[in-house]
Number of protein chains: 2
Amino acid sequence: MTPKPTMRTVAAKAGVSIATVSRVINCPDEVPTETVERVRAAMAYLKYRPNMNGRRLKMAQTRSVGVLVPTMANPVFATSVQGIAQAAHEDGLTVLLTSSEYDPERELGAVSTLLNNRVDGLILTLANADDNRVIDLLISENIPFVLLFNQPSRTDVASISVDNAKSAYDITQAMIAQGHRKLAMVAGRFESSDRSRQRYDGFCQAINDAHQKDGAAMAAPRLCQVGFGETDLEGILESFLTGPDAVTGLVCSTDMLAIAAISACRTYGLSVPGDVSVGGIDGIAVGGLITPKLCSAVQPTQKMGQQALAFLLGLIRGQTEPQSLLLPHQLSTGESIGPARHQSSPRL
Amino acid sequence: MTPKPTMRTVAAKAGVSIATVSRVINCPDEVPTETVERVRAAMAYLKYRPNMNGRRLKMAQTRSVGVLVPTMANPVFATSVQGIAQAAHEDGLTVLLTSSEYDPERELGAVSTLLNNRVDGLILTLANADDNRVIDLLISENIPFVLLFNQPSRTDVASISVDNAKSAYDITQAMIAQGHRKLAMVAGRFESSDRSRQRYDGFCQAINDAHQKDGAAMAAPRLCQVGFGETDLEGILESFLTGPDAVTGLVCSTDMLAIAAISACRTYGLSVPGDVSVGGIDGIAVGGLITPKLCSAVQPTQKMGQQALAFLLGLIRGQTEPQSLLLPHQLSTGESIGPARHQSSPRL
DNA sequence: ATGAACATTTGAAACGTTTACAATGGCGGA
DNA sequence: TCCGCCATTGTAAACGTTTCAAATGTTCAT
C-alpha cells in the first residue's frame, strides 16, 4: 500500500509546485481554471486528503473548539451539545468533546488537554463558576471562552444562561399560588453545581417574599440534597413525604430530579398532583410527554448551545467586551402542579 | 505579551537541547533526575504547554478518535457518547464529535472531516450500515472503525449492538402473551435507520410465529412510520388507536417514541396499559421513572459506548480480525404492558 | 595510559502545511 | 527594441514536535 499522499505527491502528479496546490485548496480564484482542474484531477486520482494537523501547526487558528460538560447522561447537557455541534458544523469547526463528571479536578485536566490541542476557544459548563481555577487559567492564557448554564458573579466573562434564581422563584411562586405552604427543594449538591445553589436561593426567596409581602403562612423552606446520577429518591425523600411535617410540594432543581421525585412519590402511594405537587427546571423534551405532564421552568437548551457558539465566534474574531446573555425561561403549562391538599392529615 | 513558549524556549531556559526536553516529556526515566527537574522547572516557569498538533504531525498516531452519531438529542446516543468519552478519558484520547442528523450526505461529510483530522479510528452510528458509502470509504482507506447500534449484514466490520430483531421480537411476544392480537409498530423511517427496519422485522416475526406455531388469531402486523425528531404523535396515531380496527398494543422501535406514544394515547382518553399496552426498545434512564413505568427491551447503552472504544483500541493496535459483539438485552419489568382489553368495543 | 563500554546529550532531519518573496514569461507602450 | 507590468508559478522558510545517528564525557578493566 502506498503511503498517504501529501501536497507534494499531488504537486508532482499535476506537474506544479506545492504552493500552487495549496492555492488551489485555499483560494482557487487566484489560479487559472486550467491549472485548478489539473490539480483537482491529481487530488482525486491520488485520493488526497489535506492534513489538518499540518495546517494547524502552521496557522494561527486551528478552527476547532473545545466543549466541556458535566455529563452527557443528562439530556440538558446533551441537548446543548447538540446545539453546539450543529452550529459548529455550519461554520466548519471541529468539536473536541470532554466531560467532567462534576469533578473540579477533571474540569481542570480536561481544559488543560483542550488547550494543548490549541483550540481556538472553549464552551464550558462548570460545577462552580465563581472562584474557579479553570477560569483563572483561561483568562491568564487569554483564551476566548463562553460559560453555558453558569451564571458567574464576575462580569468579565461571557456566559449564556437563564436566570437560575428567577426560574426557581417563578416555579415556586406558581406552587404558592396554588395554596402550597410547606415546600421543599430537591437539589444536587451545591459543591458540584452553582446552578443548584442559585436555584435554591430563588426558591427560598419566593417563600420569604410570600411570607413577608403577602403574609402567607409559609413553613420554612426545606432542602433535600441529592448526589449526581442518583436516580432512586425513595429513601432520601421519606422524611419529606411522610409524617406530620410532610410537604405538599417539591420544587426540583432539575427536570431529571423532578421525574425521579414523581416516581418516588408514587412508591409512597402519593399521587401527583393530587397529594403532592412537583415542579422542575430545565424543560427537557421528555418532560412534556410524561404523565402527569411536568410543570417546569423551560429553557431553550439547544438554542443556548448554538448561541454559545455564536458568542464564542465573536470572541475569537477579536470582539473585546465579553457579553453575558440571560435568556428568558418560560413556565410550561404542566399538570404536575395542582392545588394544595387541604390540611388533610398525611397518610401513613 | 510574550509569544507562546515552545520546546525551544524551554530548552534555552533549562540550558539543554530540545531533544532533552522531548525526552523529559515522553520518557523521563531515561533522563537523570537532576536534568528532569531543571527542565520541569523551566516548563513550569514558562507555563509551557506541549502542542498536540506539532506532535500529531510528526507521529504516526494522533491519539484521537472520531465519533459520529445521528443526534445528541436522543438520550440513547447521548448516553453512548458518555460511555465513549469516559473510556477515552481513561486512555488519554481526544474525542472529535460530529452528528449527522440522520442524513447520509452529512454522514459522509462528517467522516471525511474526521479523516482529514487523521483520527486513529472511528465509532459510528449510521443510518444504514448496509451498502453504505461511508463504510466503503473507511475500508478503502484502511481506517479502523467500530459500528455502534448498527448490525451490519457483512461480517468484515466490527460492531457493537444488541440484537435488534430479537429485542423487538421479545417485547412483541410479551404483549402477545398478555393476550394482545391486534398490534402495530411505531417506528422511524427505514431509510434513516436500519435499526428501525430490523426491529420491524422482529416485530413481524413474533406475530407470524404466534400465528403459525401457536395458532393465535393474530391480526396482520401494522406499521406507523414517524419522522425523526417527531414528538407529537397524536395525529399520526389516530387511525391506529380509534375506529373498529384499533390496535390494543403498540410496539415502539425506540423508547422516545414509546413515551410519545403513551402521551398520544392519553389525548385519546385511552389509558395505558388499561386500554392500550405500549412497549419500547432502548432502555433510556427516564423510562424507568415515568408512570406507567415503561416496559422496554433494555440495552446497556453506556457500556456499549465504552465497549466500542475498547474494541476500537484493539483494532488500532493492529488486531486484524474485526469482531462483532451482540450484547444481551433485557426486558424490563414495566407496567406499560398489561392484559389485552377483552374484545370490548373500542371507544370512539 | 589506552580503549571499550556506557550514560547522557545534542544536531539535524523529518512530518504536511502556509505564505512571503522571488522568479518567470507574455504583453503592450514607448 | 527595450522596459515595466501583470498574471502565474516556484522557492524556501517557517510552525512545534519526535527521533535517529552522532558526539561528548565518564568509568573501568587492561
Side-chain angles (χ1 to χ4, degrees), chain A residues 2-40 42-43 46-64 92 94 113 115-120 141, chain B residues 2-40 42-43 46-64 92 94 113 115-120 141:
Chain A
T2 58
K4 270 216 168 358
T6 90
M7 287 187 56
R8 236 170 288 272
T9 333
V10 174
K13 182 83 191 169
V16 297
S17 75
I18 63 170
T20 301
V21 177
S22 177
R23 265 182 239 114
V24 168
I25 293 174
N26 298 307
C27 40
D29 314 325
E30 302 174 17
V31 179
T33 37
E34 196 272 333
T35 314
V36 171
E37 277 167 16
R38 199 147 38 93
V39 173
R40 291 245 168 91
M43 295 200 293
L46 295 167
K47 296 187 201 305
Y48 167 74
R49 270 184 191 295
N51 184 328
M52 290 307 178
N53 296 313
R55 167 181 310 205
R56 289 207 180 95
L57 184 54
K58 181 66 192 177
M59 304 228 296
Q61 306 229 330
T62 59
R63 301 208 50 77
S64 63
T94 299
T113 306
L115 290 182
N116 290 350
N117 281 282
R118 297 298 191 271
V119 292
D120 290 336
E141 301 238 1
Chain B
T2 58
K4 271 217 166 2
T6 91
M7 288 186 55
R8 235 169 288 273
T9 332
V10 173
K13 182 84 191 171
V16 298
S17 76
I18 62 170
T20 303
V21 177
S22 177
R23 253 177 286 115
V24 168
I25 293 173
N26 297 307
C27 41
D29 314 325
E30 301 173 17
V31 179
T33 37
E34 196 271 332
T35 313
V36 171
E37 278 168 16
R38 201 148 36 94
V39 173
R40 291 245 168 93
M43 295 201 291
L46 295 167
K47 298 188 198 309
Y48 167 73
R49 272 183 189 294
N51 184 328
M52 289 308 178
N53 296 313
R55 166 180 311 202
R56 289 207 180 95
L57 184 54
K58 182 66 191 176
M59 305 227 297
Q61 305 228 332
T62 60
R63 300 207 51 74
S64 63
T94 299
T113 305
L115 290 182
N116 290 351
N117 279 282
R118 297 296 192 271
V119 291
D120 291 336
E141 302 237 359

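Given the structure is predicted, the values throughout are model-derived calculations rather than measurements. All values below come from the heavy atoms of this structure, side chains included, with hydrogens, waters and symmetry mates left out. In what follows, every chain begins at residue 1, and chains take the letters A, B, ... in the order their sequences are listed.
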Taking N or O atoms only and anything under 3.5 Å, show me the protein contacts with nucleotides 26-28 of chain C, one pair per line.
none

Is a side-chain donor or acceptor of B:Thr62 paired with a backbone partner of B:Arg118 at a separation under 3.5 angstrom?
yes
Polar side-chain atom of A:Arg56 near backbone of B:Asn53 as donor-acceptor pair, under 3.5 Å
no
Shortest non-hydrogen contact from A:Pro5 to A:Leu46?
CG-O, 3.3 Å
Would a distance-only check, ignoring hydrogens and angles, find a side-chain to backbone donor-acceptor pair under 3.5 Å from A:Asp120 to A:Arg63?
yes
Under 4.0 Å, counting only non-hydrogen atoms across every strand here, what does B:Asn53 touch: a base, just sugar-phosphate, or nothing?
nothing
Return the minimal non-hydrogen interatomic distance between B:Pro28 and B:Val36, and the atom names on each side.
O-CG2, 3.7 Å
Bend angle of the helix from C:dA1-D:dT30 to C:dA30-D:dT1, end axes from five pairs each (to 10°):
70°
Return the 5'-most residue of the pair B:Arg118, B:Arg23 with respect to DNA chain C, ranking by each residue's nearest nucleotide.
B:Arg23
Looking for any heavy atom pair under 4.0 Å, which part of the strands does A:Thr20 touch: base, sugar-phosphate only, or nothing?
sugar-phosphate
Can you name the residues that form a side chain to side chain contact (heavy atoms under 4.5 Å, CB included) with A:Ile18, not counting sequence neighbours?
A:Met7, A:Arg8, A:Ala11
Starting from C1' on C:dT19, measure out to CE on A:Met7 and report it in whole angstrom.
11 Å
Closest approach of B:Gly15 and B:Arg38, non-hydrogen atoms and distance?
O-NH1, 4.1 Å
Of all heavy-atom pairs between B:Thr9 and B:Thr6, which one has the smallest distance, and what is that distance?
OG1-N, 2.8 Å
Give a yes-or-no answer on whether the side chains of B:Asn26 and B:Ser22 include a donor-acceptor pair shorter than 3.5 Å.
yes
Nearest heavy atom decides the nucleotide; on that basis, is A:Thr6 or B:Gly15 closer to the 5' end of DNA chain C?
B:Gly15
One thing to verify: whether A:Glu141 and B:Arg49 come together as a salt bridge, which I'm taking to mean a side-chain N less than 4.0 angstrom from a carboxylate O.
yes
In whole angstroms, how far is the P atom of C:dT8 from the CD1 atom of B:Ile18?
21 Å
Just call it for A:Arg8: base, sugar-phosphate, or nothing, with non-hydrogen atoms closer than 4.0 Å on any strand.
base
Can you tell me how far P of C:dA13 sits from CG of B:Leu57, to the nearest Å?
17 Å
Validation row: B:Asn51, A:Asn116 side chains within 4.5 angstrom (heavy atoms)
no
Interatomic distance, OG1@A:Thr35 vs CZ@A:Arg40, rounded to 0.5 Å, equals 11.5 Å
A:Met43 side chain near A:Ile25 side chain, heavy-atom distance below 4.5 Å:
yes
Give the first and the last nucleotide of DNA chain D, reading 5' to 3', that has any atom under 4.0 Å from a heavy atom of chain A.
D:dT8 to D:dG16
Mind listing the residues from residues 30-38 of chain B sitting with a heavy atom below 4.0 Å of DNA chain D? Number order is fine.
none
The side chain to side chain contact (heavy atoms under 4.5 Å, CB included) partners of A:Glu30 (sequence neighbours excluded) come to A:Cys27
Any A:Ser22 side-chain N or O less than 4.0 Å from OP1/OP2 of C:dT18:
yes
